[in-house]
Amino acid sequence: MRPAMNQTDDPTLQVPDGEATPAEKRLRLTGRMRCILGGILALAAGIAAAVAHPPWSIWAGLAGYPLLMVLSDRAATLRNGFWIGWIAGFGYFIVSCWWVAEAFLVNPDQAWMAPLAGSLLPAGLALFWGGAIAAYKKLAAGRGVERVFVFTALFCLFEWLRGHVLTGLPWNPVGATWPAGSAPSQIAAYVGVYGLGVLTVLGISMPALLAGPGRWKVKAGYIVAGAVLIGTLFIGGTARLSVAQVRLTPTTVRIVQPDVDQQSKWEPDQFEAVVRRYTNLSANPSGPRPDVVIWPEGALPITANDAFSSWVGPSIDRALEPGQTLVAGFSRAEAGRDGEPRYFNSLFVLHDNGELRISAIYDKYRLVPFGEFLPLGGLMSVTGIRSLVHVPADFSAGPRPRPIEIPGAPRAQPLICYESLYPGFTSTVGGRPGWIVNISNDAWFGRTSGPRQHLNLAAYRAIETGLPMVRATPTGISALVDPWGRVGSHLEPGESGVLDVRLPQPTAPTLYSKIGDSAFLIVVVFLLISGLRFRTETRIS
């Protein structure tokens with residue numbers, strides 16, 4: 001008598017209590033090979049979806065989404081579904097976020113952490129993809145062609161959660177696959193980058209229906225509808241761009257990019273040279289006289305407290321002419337209620353009306369975990385991560401972003417670095433701002449894909465709000481972005497110089513700026529209800 005079989009979720013992986021027959025061994029081997037092949041294809045799907053993003057923009061990589069849906073449909077269990085999603089997500093984020101490791105190479109003593117950072121971040125973000133596919137496997141079991149609605153809704157809902165849970169990290173959401181300023185990207189003015197992601201995944205995933213149950217005529221109809229949807233993104237965006245007219249304000253802005261790399265910036269013997277480089281570029285007499293000069297985030301390796309009480313303050317004053325305004329990023333310290341210092345990553349507005357005065361201060365609201373604060377501060381300090389921040393304690397978060405007054409220019413919405421990743425941070429408290437000023441420090445990431453992707457993601461805030469954006473970074477890419485997300489004058493990574501630009505006028509308020517992610521959430525709920533109403537058809541033709 002043959003020994004009894006131990007039951008598992010997957011019948012192809014049943015294991016005998018005793019010696020297996022040759023046929024059973026072949027069956028188990030086939031099951032293992034199917035799992036390995038599924039993992040390889042899932043990894044390929046994630047990598048393909050990642051390279052569809054700028055700077056590569058290999059749009060054929062969008063085929064990774066229908067491939068992921070097919071693999072999800074064929075997963076034997078919820079657990080298998082989770083791992084299919086996680087592996088695909090890991091591939092996606094290892095390509096999208098590998099440049100994070102570059103920050104740990106700035107200091108040779110921390111180089112050992114580069115592989116950990118480059119792998120642990122993708123592994124953590126991939127949990128959202130794994131959760132999305134597991135939820136899809138649970139809810140879409142027994143569904144017909146309408147399961148594509150469930151797949152789209154759940155995948156995009158988990159992408160939205162990725163941008164919000166535990167402060168979120170909305171790096172490379174699906175909608176940002178389309179380069180900012182392109183025709184499809186214009187749809188973000190109505191539904192935001194998350195809504196654009198829903199339309200993209202829904203349209204591009206329809207071919208996955210060919211591999212599952214349903215009548216061929218119905219499948220063909222859905223595939224055609226998906227192609228029409230993607231085509232509509234191009235047609236609708238092209239129509240919006242065809243009537244786009246850039247009108248300029250009288251305000252002239254000078255963007256300063258000194259090309260000071262992160263390592264030399266903090267060398268004591270380079271301090272004076274760094275200050276001189278900023279002040280000399282700011283006072284550049286060869287261009288038009290700017291109304292506003294903009295320096296990047298954390299421009300100088302000194303707190304504002306020390307800068308304005310030393311020779312640095314008068315040097316900045318001499319670089320400005322009366323009536324000019326400097327917008328610059330500095331860290332600053334103030335005494336807390338307990339007497340201990342609190343540190344802020346801040347944007348200062350300094351106006352010269354005969355002498356340099358602080359006109360406004362904006363403190364960064366959304367801080368970078370493990371960069372500007374340590375969730376496990378005491379424990380993580382022993383790893384050396386604290387030294388990346390260059391202050392002896394965590395930064396404190398400021399109030400939620402709101403517009404500030406800038407002498408010589410329209411009211412502006414400040415966003416510091418990482419904050420430009422987040423939709424909905426532009427406020428209309430006190431009236432709609434006229435532009436977005438985004439100071440950033442991408443010097444940590446050298447000439448990797450990170451700074452280029454950061455610019456693309458930040459430019460979506462211009463599309464969503466209809467506001468122009470001025471972006472300053474120490475090593476690139478500094479740029480002027482018009483209200484349609486199109487990058488105009490810019491300085492490439494590694495370039496040192498200034499951009500003297502006229503500030504564009506904003507467009508009329510966009511639909512997204514009025515309703516936020518409401519349209520996205522309504523569409524997700526509608527797709528879920530539509531997809532869950534139907535059971536699978538028993539007839540397959």
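These figures come from a predicted structure and were not determined experimentally.
With hydrogens and angles disregarded, no donor-acceptor distance shorter than 3.5 Å links the side chain of W435 to the backbone of L503. Looking at E464, its side chain does come within 3.5 Å of a backbone N or O of V193 through a donor-acceptor pair. Side-chain N or O atoms of R254 include one that pairs as donor or acceptor with a backbone N or O of P288 at under 3.5 Å. Remark: side-chain polar atoms of R486 are not paired, donor with acceptor, to backbone N or O of V481 under 3.5 angstrom. Side chain of S346 to backbone of F348: no donor-acceptor contact under 3.5 angstrom is found. A donor-acceptor pair under 3.5 Å is absent between the side-chain atoms of Y362 and the main chain of G398, judged by distance alone. Distance alone, capped at 3.5 Å, is enough to place a donor-acceptor pair between the E495 side chain and the E492 backbone. The main-chain N or O of N441 is found under 3.5 Å from a side-chain atom of E297 such that the two form a donor-acceptor pair. With hydrogens and angles disregarded, no donor-acceptor distance shorter than 3.5 Å links the side chain of R162 to the backbone of G168. Listed for the T507 side chain is no donor-acceptor partner under 3.5 Å among the backbone atoms of P483.
Put simply, the side chain of P258 reaches to within 4.5 Å of the side chain of L281, judged on heavy atoms. Looking at heavy atoms from C-beta onward, L125 lies in side-chain contact with L169 at the 4.5 angstrom threshold. Side-chain contact between L199 and I187 is present, with heavy atoms from C-beta onward closer than 4.5 Å. Within the 4.5 Å cutoff, side-chain heavy atoms of L300 are placed close to those of Y278.
Here the CD1 atom belonging to I255 is positioned 12.5 Å from the CD1 atom belonging to I439, to the nearest 0.5 angstrom. With rounding to the nearest 0.5 Å, the separation of CG in D317 from CD in Q324 is 11.0 Å. Distance check, rounded to the nearest 0.5 Å: CD1 of I58 to CD1 of I47 gives 11.5 Å. Note that the CD1 atom of I477 and the CG atom of N456 stand 10.0 Å from one another [nearest 0.5 Å]. Distance CG/L491 to OG1/T475: 11.0 Å, rounded to 0.5 Å. Taking OG1 from T325 and CD from E405, the interatomic distance works out to 11.5 Å, rounded to the nearest 0.5 Å.
Taking the six-membered ring where tryptophan is involved, the planes of F520 and Y194 are tilted, since the angle between them lies from 30° to 60°.
Here the closest heavy-atom approach between residue S57 and residue P179 is recorded as OG-CG, 3.8 Å. Of all heavy-atom pairs spanning P504 and V246, the tightest one is CB-CG1, 4.1 Å. Closest of all the heavy-atom pairs between I416 and K364 is O-CE, 3.3 Å. Between Q262 and A443, the closest heavy-atom pair is OE1-CB, 3.6 Å. When all heavy atoms are compared, the tightest approach of V312 to F271 is CG2-CZ, 3.8 Å. Here the closest non-hydrogen pair linking G181 and L241 is O-CD1, 3.7 Å.
Taking the centre of each ring, W160 and F128 stay at or above the 6.0 Å mark. For an aromatic pair to be called close, the ring centres must be under 6.0 Å apart, and F330 with F308 satisfies this.
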Report the C-alpha distance between V470 and I436 in whole Å, list the side-chain angles of each, state the deciding distance to 0.1 Å, and finish with yes or no for side chain to side chain contact (heavy atoms under 4.5 Å, CB included). CA-CA 6 Å; V470 176; I436 298 170; over 6 Å; no
Carefully, step by step, assess W295 and S282 under the rule side chain to side chain donor-acceptor pair (under 3.5 Å). CA-CA 9 Å; W295 292 3; S282 300; 2.7 Å; yes
Applying side chain to side chain contact (heavy atoms under 4.5 Å, CB included), run through D394 and Y343 and close with a yes or a no. CA-CA 7 Å; D394 290 342; Y343 294 90; over 6 Å; no
Ring pair (Phe, Tyr, Trp, His ring centres under 6.0 Å) between W98 and F445, worked out: CA-CA 10 Å; W98 68 271; F445 310 114; over 10 Å; no
Stepwise, does the side chain to side chain contact (heavy atoms under 4.5 Å, CB included) test hold for S440 with H454? CA-CA 10 Å; S440 185; H454 197 179; 3.5 Å; yes
Test side chain to side chain contact (heavy atoms under 4.5 Å, CB included) applied to I404 and V349, step by step: CA-CA 9 Å; I404 58 175; V349 179; 3.7 Å; yes
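Looking at R342 and E340, no side-chain N of the basic residue comes within less than 4.0 Å of a carboxylate O on the acidic one, giving no salt bridge. The pair E321-R289 meets the salt-bridge criterion, since a charged nitrogen lies less than 4.0 angstrom from a carboxylate oxygen. Between R277 and E272 there is no salt bridge, since no side-chain nitrogen of the basic residue lies less than 4.0 Å from a carboxylate oxygen of the acidic one. Electrostatic pairing of R318 and D352 does not count as a salt bridge here, judged by no charged N lying under 4.0 Å from a carboxylate O.
Checked by atom type, the side-chain pair S478/H490 shows no donor-acceptor distance below 3.5 Å. If you check the side chains of E159 and W129, you find a donor sitting under 3.5 Å from an acceptor. In summary, the side chains of Q186 and R240 do present a donor paired with an acceptor at a separation below 3.5 Å, with no hydrogens or angles considered. A donor atom on one side chain and an acceptor atom on the other are found under 3.5 Å apart for S96 and N172. Side-chain N/O atoms of Q453 and W171 include a donor and acceptor closer than 3.5 Å. For the residue pair R452 / H53, no side-chain donor-acceptor distance below 3.5 Å is found, with atom types taken as modelled. Looking at S513 and T510, their side chains do bring a donor and an acceptor atom within 3.5 Å of each other.
Other residues, nucleotides and ligands contribute only 12 or fewer heavy atoms inside 6.0 Å of the CZ atom of R402. For R411, the CZ atom counts as densely surrounded, since its 6.0 Å shell holds more than 12 non-hydrogen atoms of other residues, nucleotides or ligands.
In this structure, R366 forms a cation-pi arrangement with Y422, its terminal cationic atom sitting closer than 6.0 Å to the ring centre and no more than 45° off the ring axis.
Considering N305, D306, N345, D363 in turn, D363 is the only one that fulfils the side-chain hydrogen bond (donor to acceptor under 3.5 Å, both in side chains) rule with R332.
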